[in-house]
There are 2 protein chains.
Amino acid sequence: MSEHRHIDGRKMLCDAGLRPTRQRVSLAELLFAPGDRHVTAEQLHEEALRCDMPVSLATVYNTLHQLTQAGLLREVAVEGCKTYFDTNTSNHFHFFSEIDGTLEDIPSGTINIGDLPTPPEGMEISRVDVLVRLVGRDTT
Amino acid sequence: MSEHRHIDGRKMLCDAGLRPTRQRVSLAELLFAPGDRHVTAEQLHEEALRCDMPVSLATVYNTLHQLTQAGLLREVAVEGCKTYFDTNTSNHFHFFSEIDGTLEDIPSGTINIGDLPTPPEGMEISRVDVLVRLVGRDTT
DNA sequence: CTGTGTGCAAACTCTTTGCATAAGT
DNA sequence: ACTTATGCAAAGAGTTTGCACACAG
């Protein structure tokens with residue numbers, strides 16, 4: 001699950017119409033080199049600093065949003081103020097561990113959503129988010 | 001859907017082990033008198049003030065959390081910092097309108113979750129949240 | 001009376017913004 | 001060079017906390 005496939009951050013950014021600055025390339029490579037990831041801005045920021053890629057938190061936020069707009073990331077709402085960004089943009093669902101606050105993909109095909117409900121007049125479904133919350137065994 | 005059934009806030013609170021103070025009774029009645037509701041703390045606060053039930057925002061937050069702990073409300077994570085509280089605590093799913101930020105119940109039975117995935121070792125599913133995001137027709 | 005709840009304002013967390021400096025083409 | 005991105009620190013939204021006063025039992 002963590003075959004560090006090699007990623008050309010520069011190309012990825014250019015393709016998305018973003019200027020491949022040092023910071024953006026670094027962040028893109030951190031994000032996309034390992035398999036699918038679910039990070040918060042703060043986590044990514046710390047990770048970048050640990051890897052000697054000095055970036056400011058503001059830039060991390062900017063970059064995450066730019067990548068999201070470019071369709072390379074997906075935002076996942078869990079709760080509280082924390083926003084998670086998921087490198088897997090395909091249709092899939094998540095496990096959320098309430099114990100350590102981590103997010104994980106649910107292998108696709110494992111959950112089937114039957115019939116979707118009919119949306120109200122004049123609206124259409126943009127996305128269906130499914131979050132399966134986990135707790136330790138036996139915790140009420 | 002909005003038959004203002006009459007609610008005995010006092011009894012409801014006592015049953016939940018909460019002291020029926022003026023503010024709590026007011027809030028409980030605002031919350032539970034109409035049909036199912038989805039409110040944020042701020043919305044409920046404004047509504048209380050409009051109805052001549054002076055309460056501080058801090059008390060609204062306290063009360064909402066106490067009612068949630070007592071199992072009378074359910075928190076719904078949508079995104080951003082806003083926390084919604086749902087008066088319907090049964091297992092059901094939501095529509096979220098990205099246009100006006102409102103939450104609505106999806107009639108139960110309309111969505112079927114097929115097989116739930118097996119949770120990772122030592123964990124169990126505490127809840128499954130399904131959020132169907134809506135946009136206006138034709139908005140990409 | 002006694003203890004718990006309330007209100008206020010200040011603290012806190014996560015996120016966004018403004019503006020001078022630095023980097024990309 | 002000219003433009004766009006970055007970094008910093010300050011502002012912002014939503015939520016929480018601490019402490020004096022008020023209310024419920």
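No experiment lies behind these values; they were computed from the predicted model shown. Proteins get letters first, then strands, A, B, ... in listed order; numbering begins at 1 in each.
- Looking at residues two or more places apart in sequence or on another chain, you find no salt bridge (charged side-chain N to carboxylate O under 4.0 Å, His left out) involving Glu29(A).
- In this entry the distance linking CG of Leu13(A) with P of dA5(D) reads 11 Å, nearest Å.
- Rounded to whole angstrom, the span from the NE2 atom of His45(B) across to the C1' atom of dT15(D) amounts to 13 Å.
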For nucleotides 6-10 of chain D, list the nitrogen or oxygen atoms of the protein found under 3.5 Å from its nitrogen or oxygen atoms, one pair per line.
from   : atom 1 : to       : atom 2 : distance (Å)
dT6(D) : OP1    : Thr21(A) : OG1    : 2.8
dT6(D) : O3'    : Gln23(A) : NE2    : 2.7
dG7(D) : OP1    : Gln23(A) : NE2    : 3.3
dG7(D) : OP1    : Pro54(A) : O      : 3.4
dG7(D) : OP2    : Ser56(A) : N      : 2.9
dG7(D) : OP2    : Ser56(A) : OG     : 3.3
dG7(D) : OP2    : Thr59(A) : OG1    : 2.8

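- Distance Arg10(A) CZ to dG24(C) C1': 10 Å, rounded to the nearest Å.
- For the atom pair OG1 (Thr89(A)) and CG (Leu72(A)), the distance works out to 7.5 Å, reported to the nearest 0.5 Å.
- Take Thr59(B) and apply the side chain to side chain donor-acceptor pair (under 3.5 Å) test, not counting sequence neighbours, and it matches Ser56(B).
- The CG atom of Asn91(A) sits 8.5 Å away from the CZ atom of Arg127(A) when rounded to the nearest 0.5 Å.
- For Thr87(B), there are no side chain to side chain donor-acceptor pair (under 3.5 Å) partners two or more places apart in sequence or in a different chain.
- With sequence neighbours left out, Thr83(A) forms a side chain to side chain donor-acceptor pair (under 3.5 Å) with no residue at all.
- Put simply, His65(B) has no side-chain N or O that comes within less than 4.0 Å of OP1 or OP2 on dT15(D).
- Applying the side chain to side chain donor-acceptor pair (under 3.5 Å) test to every pair with at least one member in residues 60-77 of chain A, sequence neighbours left out, gives these pairs: Arg24(A)-Gln66(A).
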Protein and nucleotides 12-14 of chain C: nitrogen or oxygen contacts under 3.5 angstrom:
from    : atom 1 : to       : atom 2 : distance (Å)
dC14(C) : OP1    : Lys82(A) : NZ     : 3.0
dC14(C) : OP2    : Glu42(A) : OE2    : 3.3
dC14(C) : O3'    : Cys81(A) : O      : 3.0

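- Between its opening and closing five pairs, the helix from dC1(C)-dG25(D) to dT25(C)-dA1(D) changes axis direction by 30°, a value rounded to 10 degrees.
- To the nearest angstrom, P of dG25(D) lies 12 Å from CG of Leu18(B).
- Annotation: of the two residues near DNA chain D, Arg19(B) and Tyr84(B), the 5′-most nearest-nucleotide partner is Tyr84(B).
- Using a cut-off of 4.0 Å between Lys/Arg side-chain N and Asp/Glu carboxylate O, Arg137(A) and Glu124(B) are scored as not salt-bridged.
- Each disulfide (SG to SG under 2.5 Å) pair with one or both residues in residues 28-113 of chain B, not counting sequence neighbours, appears once here: Cys81(A)-Cys81(B).
- Counting to the nearest Å, the P atom of dG14(D) and the CD atom of Gln43(B) are 11 Å from each other.
- The line from OG1 of Thr118(A) to CD1 of Ile106(B) is 10.0 Å long, rounded to the nearest 0.5 Å.
- Annotation: proximity of residues 67-79 of chain A to DNA chain C (heavy atom, distance under 4.0 Å) is found for no residue.
- Residue pairs that meet the side chain to side chain donor-acceptor pair (under 3.5 Å) test with at least one member in residues 41-53 of chain A, sequence neighbours left out, are Arg37(A)-Glu47(A).
- Inspection of the Asp86(A) and His94(A) side chains reveals an N or O donor paired with an N or O acceptor under 3.5 Å.
- Mapping Cys14(B) and Thr40(B) onto DNA chain D by nearest heavy atom places Thr40(B) at the nucleotide closer to the 5' end.
- Under the side chain to side chain donor-acceptor pair (under 3.5 Å) criterion, the residue pairs touching residues 12-23 of chain A are Lys11(A)-Asp15(A), with sequence neighbours excluded.
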